[in-house]
Amino acid sequence: MFTFILFHLFTLQALSQTISNPQTDYHTPYNFVEPFAPYDPTRASIFRYRQQQSVNLGSWFVQEQWMVPSVFECAAEPKIAEIDIANGGCNPQAILEKHWDTFITQEDFNYLASIGINTVRLPIGYWSLGPNFVQDTPFANVSSVYENAWPHVVRAINMAEASNIAVIVDLHGAPGSQNGQPHSGISDGKENLCTNSTYQEKTFQVIGYLASELCFVSNVAGIQLLNEPEDCSELANFYTLATNVVRNACSVPDFPVYLHDGFDLDRFENYVSAKAPDFSVQDHHSYFVYTPQDDAEPADNHTTDVQTTVTTQLASANDTLPHNLIVGEWSCALTPDSMKNESDPERARRNFCLAQYAAYTQDTPGNSFWSYKKEDCDPDWCFLNAVNNSLPSSFFFYGSGPITSEHYHLIQLLEPEVLILPSSQLVPRSTTHFPGEALSRYRHRSYTIAHRRQFSRDSTSPPTSALSSDTKNHQDGYQEGFVTAQKFALYGGSKLGFVGQYIWTGISGVGRSSQEAEETLYRQGFMQGLRDAEAKISGIVGQL
Ligand SMILES: *[C@@H]1O[C@H](CO)[C@@H](O)[C@H](O)[C@H]1NC(C)=O
Ligand SMILES: *[C@@H]1O[C@H](CO)[C@@H](O)[C@H](O)[C@H]1NC(C)=O
Ligand SMILES: *[C@@H]1O[C@H](CO)[C@@H](O)[C@H](O)[C@H]1NC(C)=O
Ligand SMILES: *[C@@H]1O[C@H](CO)[C@@H](O)[C@H](O)[C@H]1NC(C)=O
Ligand SMILES: *[C@@H]1O[C@H](CO)[C@@H](O)[C@H](O)[C@H]1NC(C)=O
Ligand SMILES: *[C@@H]1O[C@H](CO)[C@@H](O)[C@H](O)[C@H]1NC(C)=O
């Protein structure tokens, strides 16, 4: 009863403040850079390599007028981009800080975790790093608006951490603008990054800062160098230099670097493949609302395209190792033209949306819906309203909820009962209780493989002298794959996503990358062990 009254008093008070002073309802500035949790390499490795079920946190740190019109009320003309808010009236700093404090909160992260979302893509602008990073840019004379911006970004990452959610920090607005679009922060329509070395230098400074601050943060799953840059000839070279900046700033050799392909899937598929074993990830965006051809196609035809052409395109990257390609933005939106001849538009949109979800989940290690939230929360673009509508009601890999302690126990006890060998010999596995040694042995990737080699020489392992080296490589891979699936599942029901990269990183970590034939068998065994264990885990979760 007491709590009840207090609660109401509090609400009334908050309400009266809001009414009396809507724009500058301003609380204590949040200007303290929180520490990050201590770096945990196992956690970082799981978060960076697992399959991502992700949403974008659009319009939180980079404002878009169509998503959050209320934040633009006092903006300067033309009222379309972040810069217009900063140049506008009604105390832009207070408006933005209030938005950062309220648009998305810990409750949102808790909600996302409760339905199986394990990653968020977090668009930021270079202005989000604070006044030091905006000199000689259009934000220079409004730099003080952003004096508390970086502490808010850090807090956002920590809120995600508290919900076991990974973050991909995405440089959506680069100095000079990489695409001339309002969503890069500017409203003059000019792209200045491709050819201006001054802006490129500034962008490298931003990227270097992000890498040095964030690569030892366990739940930061990567940095995205640029969002939707113009597909200019200089882009690939820019990415090479920017990746070097990350590698020099950060001593975690497999810290993931994301790069958007400028909507040129083939060009950057080749680029990323050629970079292997460097952990670079191509980000491709998939929309069906921006061209005259999009308008001309009815919704059902778009759905068919997703199931055929798009699926084939995405899956073709399955043939190249590693398959580092995510769909970092997509939505359920279709144009009114695409909808107008559909007899049942609701059904058409749902089919279209679910077809995309299926394709992106099956054929890539990560997909991220655009966007989590907007003021007019329509189910085309607003995840909160699309869930259990055009999208599934939950996004877990195993079953429809989190892994329970009962699941956990049974998953831990799973063992590869037989080794499936290339020559179709079946050799019983030793009776050593491998997972019973607890998770402490599943440390870092290289450690695990090094340990595997050690383990295979142990007296407790199966007698290896009788096996051919082919058989042995396949068997090593099988065991490693099986245990990897267990390890990921035991970490909150995760699944390995970047499979090729994971194997590759592990192999190069122990200097085996030159032995092609040996590795092919190892890989095949790994895939088989991984899929076998995943099937068994699905069985366990399905039964309980
Ligand atoms: C900052 O400079 C730009 C360009 O000169 C100008 O349009 C804008 O009004 C200035 N903003 C403020 C807050 O003075
Ligand atoms: C590049 O941008 C800087 C900063 O705005 C500007 O001073 C310079 O003239 C530009 N250089 C070129 C070659 O356009
Ligand atoms: C849509 O699909 C139908 C059935 O396959 C086909 O007949 C029609 O030509 C397609 N329309 C467009 C605009 O692609
Ligand atoms: C809808 O039907 C009209 C009239 O038949 C046709 O002109 C138009 O191309 C169709 N639009 C789509 C997207 O199918
Ligand atoms: C691509 O690879 C994944 C993982 O092995 C697999 O589940 C999926 O079916 C493959 N897609 C195609 C079209 O081969
Ligand atoms: C999904 O929607 C259906 C029908 O509206 C409802 O019965 C069900 O409880 C919802 N499920 C979840 C998990 O919200």
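Atom set for the values below is all heavy atoms of this structure, side chains included, hydrogens, waters and symmetry mates excluded. Note that ligands are numbered from 1 as they come in the structure, with each ligand's atoms numbered from 1 the same way.
With hydrogens and angles disregarded, a donor-acceptor distance shorter than 3.5 Å links the side chain of Thr311 to the backbone of Val306. Put simply, the side chain of Ser338 gets close to the backbone of Asp294: a donor and an acceptor are under 3.5 Å apart. Counting only distance, with no hydrogens or angles, the side chain of Gln282 and the backbone of Tyr258 share no donor-acceptor pair below 3.5 Å.
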Under 3.5 Å, sequence neighbours excluded: what are the donor-acceptor pairs made by side chains of residues 116-127?
{"unit_1": "Asn118", "atom_1": "OD1", "unit_2": "Gln53", "atom_2": "N", "d": "2.9"}
{"unit_1": "Asn118", "atom_1": "ND2", "unit_2": "Gln51", "atom_2": "O", "d": "2.9"}
{"unit_1": "Arg121", "atom_1": "NE", "unit_2": "Gln224", "atom_2": "OE1", "d": "3.0"}
{"unit_1": "Arg121", "atom_1": "NH1", "unit_2": "Asn56", "atom_2": "OD1", "d": "2.8"}
{"unit_1": "Arg121", "atom_1": "NH1", "unit_2": "Glu329", "atom_2": "OE2", "d": "3.0"}
{"unit_1": "Arg121", "atom_1": "NH2", "unit_2": "Asp170", "atom_2": "OD2", "d": "3.3"}
{"unit_1": "Arg121", "atom_1": "NH2", "unit_2": "Gln224", "atom_2": "OE1", "d": "3.4"}
{"unit_1": "Arg121", "atom_1": "NH2", "unit_2": "Asn227", "atom_2": "OD1", "d": "2.8"}
{"unit_1": "Arg121", "atom_1": "NH2", "unit_2": "Asp283", "atom_2": "OD2", "d": "3.4"}
{"unit_1": "Tyr126", "atom_1": "OH", "unit_2": "Thr137", "atom_2": "OG1", "d": "3.3"}
{"unit_1": "Trp127", "atom_1": "NE1", "unit_2": "Phe61", "atom_2": "O", "d": "3.4"}

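Those atoms of ligand 3 that come under 4.0 Å of a heavy atom in Ala296, given as number and element, are 13 (C). Near Asn301, meaning under 4.0 Å from one of its heavy atoms, ligand 3 places the atoms 1 (C), 2 (O), 3 (C), 8 (C), 10 (C), 11 (N), 12 (C), 14 (O). The contact set between ligand 1 and Val142, taken as ligand atoms under 4.0 Å from a residue heavy atom, comprises 13 (C).
Between Lys374 and Ser59 the shortest side-chain heavy-atom distance does not fall below 4.5 Å.
Here's the thing with Glu297: none of its N/O atoms is less than 3.5 angstrom from an N/O atom of ligand 3.
Comment: Arg349 engages Asp380 in a salt bridge, judged by a side-chain N to carboxylate O separation of less than 4.0 angstrom.
Judged as a ring pair (Phe, Tyr, Trp, His ring centres under 6.0 Å), and not counting sequence neighbours, the contacts of Trp381 are Trp66, Tyr287.
Within the structure, the salt bridge (Lys or Arg N to Asp or Glu O under 4.0 Å) test picks out the following pairs touching residues 143-165 (sequence neighbours left out): Arg43-Glu161, Asp101-Arg155.
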Distances for all N or O pairs of ligand 6 and the protein under 3.5 Å?
{"unit_1": "ligand 6", "atom_1": "2 (O)", "unit_2": "Asn388", "atom_2": "OD1", "d": "3.4"}
{"unit_1": "ligand 6", "atom_1": "2 (O)", "unit_2": "Asn388", "atom_2": "ND2", "d": "2.4"}
{"unit_1": "ligand 6", "atom_1": "11 (N)", "unit_2": "Asn388", "atom_2": "ND2", "d": "2.9"}
{"unit_1": "ligand 6", "atom_1": "14 (O)", "unit_2": "Asn388", "atom_2": "ND2", "d": "3.2"}

